[in-house]
Protein chains: 2
Amino acid sequence: MKNHQFRLKQRPTGRAKSTDFDFLESPVSTPGAGEALIRTLYLSIDPTNRIWMSDMEQYMPPVAIGDVMRGGGIGRVVVSNSNRWHVGDLVSGLLGWQDYCLVREADIFAPRTLPKDLPFPLPVMLGACGTTGVTAYFGLLDLGQPKAGETVVVSAAAGAVGSVVGQIAKIKGCRVVGIAGGTEKCNWLTQELGLDAAIDYKRPDWRDALVRATPDGVHVNFENVGGEIMATVMRRMTLGGRMPLCGLISGYNEGTAAVGDFSPILMRRLSVRGFIVIDFAPRWEEATSQLIHWVREGKLKHRETIVEGLENAPTALNRLFDGANIGKLMVKVAE
Amino acid sequence: MKNHQFRLKQRPTGRAKSTDFDFLESPVSTPGAGEALIRTLYLSIDPTNRIWMSDMEQYMPPVAIGDVMRGGGIGRVVVSNSNRWHVGDLVSGLLGWQDYCLVREADIFAPRTLPKDLPFPLPVMLGACGTTGVTAYFGLLDLGQPKAGETVVVSAAAGAVGSVVGQIAKIKGCRVVGIAGGTEKCNWLTQELGLDAAIDYKRPDWRDALVRATPDGVHVNFENVGGEIMATVMRRMTLGGRMPLCGLISGYNEGTAAVGDFSPILMRRLSVRGFIVIDFAPRWEEATSQLIHWVREGKLKHRETIVEGLENAPTALNRLFDGANIGKLMVKVAE
C-alpha cells in the first residue's frame, strides 16, 4: 500500500496553489502499540486550512514547511493496535491531506469514532453534523445567546458554518438574515433553508437592503467574514448586541490585519467574542446528538459540494475564497 | 440670582475651544412642583464631554447646538418643591456646565442624594467614589472577571478611571501594569498606588517594557485609549483574555473610527465588551459603599486635580487629551 501526501513546500502568497506543496508517494506506516492506521475517505476543506498554511497569528501552530498539510476528515480504520479503534470503524479527526493517517491514542486530537447506523450519508458527519455544525451550534447558542423574536445576521450564510447557523437561529424562533454572494446562494437561503431574508453583497444596494431587512436592528451578528461586511452589520447592531466571531475570511489570503472599527463595541455596549470549536470539545456529544436529531426531523437541511480526488485538495480550497461554494466543501479521497 | 451657562455654539473641530460655546448670563429658573434648584459646586470633566460635543455615534444623544453643555457634577439643593430633595442636601448627577440646574423627579437621570457625613472631602464623591469609581468597579470586576494571580493591564492608568481600576485589581490580588505618559505619572502609579509596573508610552522602548512587565501575558486589558496602545496590549493577551472596553479616547477629538485589529479577538478567543456605567445603575449602592469602605481603609487612594471657576470648563477638558492631568479632573464652581 502506498500513501500519497501533500507536504507544504512554501507558504502561499495570496491563493494557495498546487505548487506550494510537494505531492509525494511513500510507503504506508505500520501502526505500533496504541496506534491505528486510518484510510482517509473525505477531507473537510475549510478556511482554516489557509490559515494553517500561513505564519499569521493563529490558534494552533502553523503547518511547518515539509510537514503533511493539516486538515480534518473522515476515515475508516484499516489496521488497529489500539482498544480504542476497531477495524472498520469510521472516525473523524485531523487526518491530514493524505491517503492514510497513523493515529495515536495519546494524541489530544486523536480521532473520534462516529456513531453507527447514521440516518444519512457519511459526508453529513463532516458538515452539518460534524465540526462545522458543532461550530455553528456553540458559537450561536452559547456565545450569541439568541432569544426568540430577536434578529440574527450571519455572514457567509451559504457556507458550511453559516448555513447551519441560520437554520439553528430559525429553529430558535429568531428573525434570520443571511449575507451571501449571488442570486443562487440567496435563493437557497430563503427558499430552501427558510431564512427570512438574504442579502446579496454583490449588489450595489446591499447596504440599504440590509437596513430594510433588519427593521429592529441586529441583536446577534454571527461573523465569519470581517472587512466591510462586518463593519456594515456592526453599524446595525442594537445596544447590548452579541457578536460571536467565528472567522475573518476576507483577510486570510493576504494575511493582513483584520481591521475594523471598535467604536460600535463601545457605544453600543456590544459583546464580541472570538471562539474556536475545540474549546467546546467536552460538550461535543451534546451538539452532535442535537444536530443529528434536527437533520432526522427535517429541520436542519444540509448540502455538500464534493470534489473528487485527493490531488485536488489545494485548488478546491480556493472555492471558499472565490465564492464558488455552497454548503460544506469536501474532497472525496476514497470510498 | 444669576445663572451662567455654557451653551454649545458649534461642534468643535479637534480640541474644544471656549469659542465653541456661548457663555451666557440669564435669570435662575424657579422650580415648579416636583422640581428643585441645584447650585453647582463641582463639575466632573471627562472624555465623554468631548464625545457629547460631537455628532459621532455615541450612547446618549449629542448635545444639541444651543443647549447647555451636558456634564456630571455635585451640587447643593437650594430650593426644593420635591419630597425627594431637601434644601441643603448634596446631590450628584448631570447638572450641566452652569451655576444652577433645575432638576425634575421624573427625569431618568435625576440626581442622586449623596450620603451624609462623608469621611473625606466632597470631591472624592465625584472621583474615586463617584461615577468614575463606579465605572472602574463594574468594568473591571463584572466584565474583566480578574482572578488573583492574573495580570491586569490598564491604559490611561493615571487617569480618573484607570487609577481606580489599577488599585481594585491590586486589592483582588492581581499583578497590575499601568500604562501612562511621563515619569511623574508612572512614579505615582508604582510608588503611591502600589502597581507592580508602570509603562511610560512616551519612551521609545515602551513596547519592550510592556513585554517584560507581562511575562505571563495579559489576562485582562481594561481599555481606555484605543489606537496603538490597545493594539500593543492585545498582542500580549492570553487565550480567553477579557477586555472591558471603557473608552477610546485617542480618537475623540478627531471623531474618526477607532480602527483596530480584530484578529487577536478570533485567534486568542478574547471577550471584548463595551460598557457604560449607566447600565449598572441598579447596583450603584453596591459599588459606592464598597469604594467608600476601601478609601476609609486606606486601600484605595485618590487624587483630584481641581480647576477653579466655571468659565474654565472648556479649556480644562483639554488636559485630558494633552496628558496634563493626574487623577480626577474637575472644575470647582462654588463652595
Side-chain angles (χ1 to χ4, degrees), chain A residues 47-48 51-52 54 56-62 138-139 142-143 221 223-227 229-231 234-237 239-252 254-280, chain B residues 47-48 51-52 54 56-62 138-139 142-143 221 223-227 229-231 234-237 239-252 254-280:
Chain A
T48 194
I51 297 178
W52 291 334
S54 79
M56 66 190 290
E57 184 191 346
Q58 50 197 281
Y59 53 91
M60 295 178 80
F138 288 117
D142 269 53
L143 276 61
N221 174 32
E223 184 58 52
N224 287 312
V225 174
I229 289 175
M230 178 176 81
M234 287 181 76
R235 288 193 290 267
R236 287 297 295 164
M237 290 185 74
L239 285 185
R242 289 82 69 198
M243 183 169 130
L245 182 59
C246 180
L248 291 162
I249 190 173
S250 63
Y252 292 170
E254 290 68 32
T256 48
V259 168
D261 185 2
F262 279 65
S263 306
I265 306 177
L266 178 63
M267 299 305 178
R268 299 175 183 210
R269 291 100 105 180
L270 307 181
S271 174
V272 179
R273 294 182 60 185
F275 75 103
I276 304 291
V277 68
I278 52 180
D279 294 339
F280 294 94
Chain B
T48 193
I51 298 179
W52 290 334
S54 78
M56 67 191 288
E57 185 191 346
Q58 50 197 280
Y59 53 90
M60 296 177 79
F138 288 117
D142 269 53
L143 276 61
N221 174 32
E223 185 58 50
N224 287 312
V225 173
I229 289 175
M230 179 176 81
M234 286 180 77
R235 287 192 290 265
R236 288 297 294 164
M237 291 184 75
L239 283 186
R242 288 82 68 196
M243 183 169 129
L245 182 59
C246 180
L248 292 162
I249 191 172
S250 63
Y252 292 169
E254 291 69 31
T256 48
V259 168
D261 184 2
F262 279 66
S263 306
I265 307 176
L266 177 62
M267 298 305 178
R268 298 174 184 212
R269 291 100 106 179
L270 307 181
S271 174
V272 179
R273 293 183 60 185
F275 75 103
I276 305 291
V277 68
I278 54 180
D279 293 339
F280 293 95

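The part of Ile51(A) that comes within reach of chain B is its side chain, from C-beta onward, which places non-hydrogen atoms under 4.5 angstrom from that chain. Met56(A) touches chain B through its side chain: at least one heavy atom from C-beta onward sits under 4.5 Å away, while N, CA, C and O do not.
For Ile265(B), the side chain to side chain contact (heavy atoms under 4.5 Å, CB included) partners two or more places apart in sequence, or in a different chain, are Leu245(A), Phe262(A), Val272(A), Met234(B), Phe262(B), Leu270(B), Val272(B).
Between the side chain of Asp261(A) and the main chain of Ala258(B), a donor-acceptor pair closer than 3.5 Å is present.
Screening residues 269-278 of chain A for side chain to side chain donor-acceptor pair (under 3.5 Å) gives Arg269(A)-Asp279(B) as the qualifying pairs, with residues at least two apart or on separate chains.
One finds the CG atom of Leu266(B) at 8.0 Å from the OH atom of Tyr59(A) (value rounded to the nearest 0.5 Å).
Ion pair Glu57(B)/Arg268(A) flagged as a salt bridge, since at least one NZ, NE, NH1 or NH2 atom sits closer than 4.0 Å to an Asp/Glu carboxylate oxygen.
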